[in-house]
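One structure below.
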Protein chains: 2
Amino acid sequence: MDTADIIQSIKSIEFESPTDKIIQQLKQLIVSGQLKPGDRLPAERVLAEKLGVGRSYVREAIRKLEFFGLLKTSPQSGTYVSGYSIKMIEGVLTDIINFNKDDFSALIEARYYMEINAARLAAMRRTEEDLALLRSAVEDYDLKVNSKQDAIQEDMFIHLRIANATKNSVFESMLLMLLPDMIRNIVEKKICGDNRGVKAMAEHHEILQAIADQDADAAGAAMAAHLDDIFRISKEVKLI
Amino acid sequence: MDTADIIQSIKSIEFESPTDKIIQQLKQLIVSGQLKPGDRLPAERVLAEKLGVGRSYVREAIRKLEFFGLLKTSPQSGTYVSGYSIKMIEGVLTDIINFNKDDFSALIEARYYMEINAARLAAMRRTEEDLALLRSAVEDYDLKVNSKQDAIQEDMFIHLRIANATKNSVFESMLLMLLPDMIRNIVEKKICGDNRGVKAMAEHHEILQAIADQDADAAGAAMAAHLDDIFRISKEVKLI
DNA sequence: AACCAATAATTGGTTAACCAAATGTAGGGT
DNA sequence: ACCCTACATTTGGTTAACCAATTATTGGTT
């Protein structure tokens, strides 16, 4: 067994962090009906004492839940349960916590579908400036590959430029969230073969051309073709 | 001007929080080359003192950057810059921080494309159990609508069940992240007309049927039809 | 009885202090 | 000269204390 693999499996022994435990407790409070939507949570100090843990952890748990829109805290007033969706909390709050970005094939798949749509939107909405930036990013990639250097960062940057051209901040942010983990996985799993770079170069140019032509269908198809390789590989990896 | 609107516009005066300022500073350190990928950050205490701010804020900033995969911190050792992507940090780190989920039309659009794909995947992969849960959720919705009650939570729950049936945790988490803001916006903007519920009921049943039949194309089409209304409305709202 | 003002208690925001583990270092033994 | 051990320092993890603002309460006035 490779050392890297051993480290991998060791990492997967997740100690449940205090924060996550607190989230579970809060969930229990809400599900059991002791805390209804719109209600105010007990003060941070009270929660901390009741749970037998420092206030920092309570605060961190609240922040996390706030990020996902489940709580809302107002200074000098209190933290409140957002009124909208109790059933949601009950059903799937657990899944939210970890946001398991380690499932590589899921990551790739999500990216696959999002990027195809992104390419289509970019083709429809790109400005001349977007196009210039994208072209520049593609050229940067070409230079690196032609000089036999590693170009994964430049690759990602191209996709980031496309995301930026969609003029949809949500799309962009989400792709942005996925990218670092994508890179990590690709590097770790050594997915990119040596001839991959050259092939990708041509594919990038096709995407670029389609976006330049403002041809959404062509852009989507070119992106799909571009991602197909890596998508297929990830599915094979899953089977191992 | 309505009181609610006034509050809305007041809220939009964003105080730059200490955390975000720190993130900006860290970005500057990395971009300027003083901090290269792989390097260790100065200790939290040092950073806090240097930035003239409490250590809590430094920790929070680091956590945020860690969530997005840009930093990695090991206990009793230090926080390190993840080596992969410096250009990414340079280009668009600013956008990441706020994750502007307030752009409603962007939110709807992102959801639109993601849900269509989710419906297709759900149709392909759903188990019998998934189907039973989905059917139950659809029935809950029908009951609420038929008794003239508000059913937005039940509506969301249906979509959550579909996301769950995709067997893709990334897809599921992302939709989960969007939902609370979707609900908030829909309620605030009073998008749902009175007859919407009845129409949606039929659409839900079409989606359910397609997923039951494991017909991906039909599921995608049904979902698109279902979301088209709200998508169109959101674009009109944008123009106002 | 109703209302208003002053004060006391409670809130989240922020900072400082403490802890155990890990690491770097110096010194003695081989 | 090398290596191993013991100690001091530094690390992130955790807790407790302090702060200003808000809210609840209480007492007095009309």
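Lettering follows sequence order; numbering is per chain, from 1.
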Exercise. CD1 of B:Ile22 versus C1' of C:dG13: gap in Å, rounded?
Worked result: 14 Å

Exercise. Given atom CD of B:Glu44 and atom P of C:dA16, what is their separation to the nearest angstrom?
Worked result: 15 Å

Please tabulate, one pair per line, each protein N/O and nucleotide N/O from nucleotides 6-8 of chain C that are separated by under 3.5 Å, including the distance.
none

Problem set entry | Length of the CG-C1' vector between B:Leu51 and C:dT15, whole Å | 15 Å

Seminar exercise, completed: Between A:Ala165 and A:Arg125, the two heavy atoms sitting closest are O-CB, 4.0 Å

Seminar exercise, completed: Separation of C:dG12 atom P from A:Tyr80 atom OH, nearest Å, is 9 Å

Exercise. Between D:dG12 atom C1' and B:Leu41 atom CG, what is the distance in whole Å?
Worked result: 13 Å

Exercise. B:Thr127 versus B:Lys167: any side-chain heavy-atom pair under 4.5 Å?
Worked result: yes

Problem set entry | Straight-line distance of A:Leu175 CG to A:Phe171 CZ, nearest 0.5 Å | 7.0 Å

Seminar exercise, completed: Of the candidates C:dT15, C:dG13, D:dG13, the side chain of B:Arg59 sits closest to D:dG13

Problem set entry | Exceeds 12 heavy-atom contacts within 6.0 angstrom, atom CD of A:Gln149 | yes

Problem set entry | Base versus backbone protein contacts along nucleotides 18-23 of chain C [heavy-atom cut-off under 4.0 Å; B, S, -] | BBBBS-

Seminar exercise, completed: Here the distance between atom C1' of D:dG12 and atom CD of B:Glu66, to the nearest Å, is 11 Å

Exercise. Does some side-chain heavy atom of B:Leu26 sit less than 4.5 Å from a side-chain heavy atom of B:Leu47?
Worked result: yes

Exercise. Would a 4.5 Å heavy-atom cut-off, applied to side chains only, mark A:Met174 and B:Leu178 as touching?
Worked result: yes

Exercise. For D:dT30, what is the paired nucleotide under Watson-Crick or G-U wobble rules, both distances under 3.5 Å?
Worked result: C:dA1

Exercise. Rounding to a whole Å, what distance do you find between A:Glu60:CD and C:dG13:P?
Worked result: 14 Å

Problem set entry | 5' precedence on DNA chain D between B:Ala43 and A:Arg40 (nearest-nucleotide basis) | B:Ala43

Exercise. When the distance from CD of B:Glu49 to P of C:dA17 is rounded to whole Å, what number comes out?
Worked result: 12 Å

For this session: Tell me, please, which residues at least two apart from A:Thr73 pass side chain to side chain contact (heavy atoms under 4.5 Å, CB included).
Result: A:Ile62, A:Glu66, A:Thr79

Seminar exercise, completed: Tested for side chain to side chain contact (heavy atoms under 4.5 Å, CB included) against A:Leu41, the lone hit among A:Val58, A:Val46, A:Val81 is A:Val81

Seminar exercise, completed: Considering only heavy side-chain atoms of B:Arg63, the closest of C:dG12, D:dT15, D:dG13 is D:dG13

Exercise. Salt bridge or not for A:Lys64 and A:Asp20, using N-O below 4.0 Å?
Worked result: yes

